[in-house]
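Heads up: the structure comes next, in structure tokens.
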Amino acid sequence: MGVRFRGWGIAVPDRIVTNEELSQTLETSDEWITERTGIRERRIGGSAKTLGVLAGQRAMDDAAVSAEEIDFLVLATTTPDRIAPATATMVAHELGMSCPAMDVNAACSGFMYAIRTAQGLLETGNKRILVIGAEHLSRWVDWSDRNMAVLLADGAGAAVLEFDPNGTDLLSFSLGADGSAADLLTCEHGGYFEMDGKEVFRRAVRFVVDSAEKALVSAGISSDDLSLVIPHQANIRIIQAATQRLGIEMDRAVVVLDRYGNTSSASIPLAFDDARANGRIKSGDYALLTGFGAGMTWASAVVRWSR
Ligand code: UT7
């Protein structure tokens with residue numbers, strides 16, 4: 001009994017903001033941003049709803065399913081268009097759905113938390129679920145604060161998950177949260193994102209490595225068996241440090257932060273889409289999906305592609 005990934009879709013705003021452009025208004029440089037983060041450019045625009053609708057529709061098209069065939073919509077976002085209602089309800093309406101729809105907020109681990117939620121819903125009677133990660137982080141960035149402005153960006157990614165009584169793509173999960181770290185990365189009502197970058201960095205590497213090791217053990221495989229790592233895209237140095245500790249060469253990691261920056265809950269599906277577009281996902285391959293974020297939260301999953 002399990003869950004299959006049936007279709008994927010992404011959406012990013014057209015507007016590209018380069019490091020050079022940010023350097024014109026901030027005391028920063030392309031060299032600093034590229035060296036310290038790996039980010040070269042990012043996409044800015046849209047909203048969680050508009051990007052979520054586009055990505056969701058593309059995932060349904062890819063899976064060849066209609067709105068009536070979706071039983072539940074789970075939308076991960078840190079940046080809902082409004083506090084109420086949930087962005088998921090508006091996205092569902094735009095997509096022509098009348099099924100249950102709700103938001104999940106686990107910050108940058110959001111897409112993984114949403115998949116975990118969808119798995120539970122599928123194993124308890126639902127047939128097909130649309131999972132979306134959609135973010136409008138640029139709305140909550142103080143564009144005069146170089147600490148955050150160079151990192152965060154907008155985008156969305158989505159997947160259709162389907163119940164399968166005969167097998168599963170999702171082999172294991174390891175999720176967690178540590179609210180004692182809540183003040184390290186915050187966005188207050190009416191405020192902007194603020195972060196103790198160094199401390200988030202330090203903990204992120206530890207959480208990714210710990211949860212990845214747990215997920216690998218519970219899937220009964222080792223890091224050598226992984227064809228691909230699809231990590232949250234916050235900083236190339238975090239990806240390098242975590243993969244090194246896990247004994248995984250960087251050429252097995254998918255990196256898209258150079259083009260998209262940190263898009264929080266959209267980053268893992270954006271990376272997945274890139275891997276797929278480049279023929280890096282093959283049937284039978286094992287992949288590790290792993291993320292971390294404000295909370296702090298973290299989540300790793302081992303997947304075996306069947307498609
Ligand atoms: O999605 C989950 C949340 N996000 C993350 O996971 C991000 C985690 N943290 C990081 O990625 C890194 O800590 C940052 C990229 C945020 C910062 O990199 P760092 O290597 O930790 O730099 P730092 O904060 O230690 O700053 C080094 C220097 C400082 O100057 P001084 O004090 O050495 O004179 C900063 O003021 O770099 C300065 N600095 C900048 N310089 C140019 C900080 N931001 C910038 C900037 N441009 N944008």
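Below, all heavy atoms of this structure are taken into account, side chains as well, without hydrogens, waters or symmetry copies.
Taking the six-membered ring where the residue is Trp, the centroids of F292 and W298 are separated by 6.0 Å or more.
Ring-plane geometry between W305 and W8 is classed as perpendicular, the angle between the planes exceeding 60 degrees on a 0 to 90 degree scale with a lower cut at 30.
Side-chain atoms of T243 come within 3.5 Å of backbone N or O of Q240 as a donor-acceptor pair. Although no hydrogens or angles enter the test, the distance criterion places no donor-acceptor pair under 3.5 Å between the side chain of T168 and the main chain of L171. Using a distance-only test at 3.5 Å, with no hydrogens or angles considered, a donor-acceptor pair links the side chain of R139 to the main chain of D81. Put simply, the side chain of R43 never gets that close to the backbone of G155: no donor and acceptor are under 3.5 Å apart. The backbone N or O of R280 sits nowhere less than 3.5 Å from a side-chain atom of N278 that would complete a donor-acceptor pair.
Annotation: ring pair (Phe, Tyr, Trp, His ring centres under 6.0 Å) contacts of H136 (sequence neighbours excluded): none. Shown here are the salt bridge (charged side-chain N to carboxylate O under 4.0 Å, His left out) partners of R40, two or more places apart in sequence or in another chain: there are none.
Donor-acceptor pairing under 3.5 Å is lacking for the side chains of T77 and D103. Judged purely by distance below 3.5 Å, without hydrogens or angles, the side chains of T37 and N235 never pair a donor atom with an acceptor atom. Side-chain contact, R42 with N19: a donor N or O sits under 3.5 Å from an acceptor N or O.
In terms of heavy-atom proximity, A86 sits nearest to T89 at O-OG1, 2.7 Å. The two atoms that bring L170 and I115 nearest to each other are CD1-CG2, 3.8 Å, heavy atoms only. When all heavy atoms are compared, the tightest approach of G110 to S265 is CA-CB, 4.1 Å. Across every non-hydrogen atom of N126 and F72, the tightest pair is OD1-CD1, 4.2 Å. Between A134 and A48, the shortest heavy-atom contact is CB-O, 3.4 Å.
With a 4.5 Å cut-off on side-chain heavy atoms, I129 and Q119 do not count as touching. A heavy-atom distance below 4.5 Å is found between the side chains of T28 and S23. Residues T79 and S264 have side chains not in contact (no heavy-atom distance under 4.5 Å, counting atoms from C-beta outward). Using a 4.5 Å cut-off on side-chain heavy atoms (C-beta onward), R202 and R206 make contact. Contact annotation: the side chain of W143 approaches that of S138 to within less than 4.5 Å [non-hydrogen atoms, C-beta and beyond]. Looking at T290 and I268, their side chains never come closer than 4.5 Å, going by heavy atoms from C-beta outward.
Screening T18, D258, V17 against E41 for a side chain to side chain contact (heavy atoms under 4.5 Å, CB included) leaves a single residue, T18. The only member of Q233, H232, E135 that meets side-chain hydrogen bond (donor to acceptor under 3.5 Å, both in side chains) when paired with S267 is H232.
Transitive grouping of hydrophobic side chains (ILVMFWY, heavy atoms separated by less than 4.5 Å) brings V209 and M250 into a common cluster. Hydrophobic clustering (ILVMFWY, side-chain heavy atoms < 4.5 Å, transitive): Y113 and I132 are in distinct clusters. There is a path of hydrophobic side-chain contacts, each under 4.5 Å, that joins F207 to V229. Both W140 and M195 sit in one connected hydrophobic cluster of ILVMFWY residues. Membership requires side-chain heavy atoms under 4.5 Å apart, directly or through other members. The cluster map of Ile, Leu, Val, Met, Phe, Trp and Tyr, joined by side-chain heavy atoms under 4.5 Å apart, puts L73 and I10 in different clusters.
Remark: N166 CG to S306 OG distance equals 11.5 Å, nearest 0.5 Å. With values rounded to the nearest 0.5 angstrom, M102 atom CE is found 10.5 Å from L75 atom CG.
At a threshold of 4.0 Å, the pair R245-E213 does not count as salt-bridged, since none of the basic side-chain nitrogens sits closer than that to a carboxylate oxygen. Comment: R259 engages D274 in a salt bridge, judged by a side-chain N to carboxylate O separation of less than 4.0 angstrom.
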I would like to know whether V303 and F5 meet side chain to side chain contact (heavy atoms under 4.5 Å, CB included); could you show each step before the answer?
CA-CA 10 Å; V303 169; F5 289 95; 4.1 Å; yes

Kindly determine whether E68 and R128 satisfy salt bridge (charged side-chain N to carboxylate O under 4.0 Å, His left out), including the steps that lead there.
CA-CA 10 Å; E68 301 83 56; R128 214 169 280 108; over 6 Å; no

Evaluate the criterion salt bridge (charged side-chain N to carboxylate O under 4.0 Å, His left out) for residue pair E162 and R6; output intermediate values, then yes/no.
CA-CA 7 Å; E162 200 171 87; R6 288 296 181 220; 2.9 Å; yes

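Environment of CD in E194: sparse, with no more than 12 heavy atoms of neighbouring residues, nucleotides or ligands closer than 6.0 Å.
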Donor-acceptor contacts, no H, no angles, side chain residues 174-182, under 3.5 Å, sequence neighbours left out:
{"residue": "D178", "atom": "OD1", "partner": "S180", "partner atom": "N", "Å": "3.0"}
{"residue": "D178", "atom": "OD1", "partner": "S180", "partner atom": "OG", "Å": "2.6"}
{"residue": "D178", "atom": "OD2", "partner": "S180", "partner atom": "OG", "Å": "3.3"}

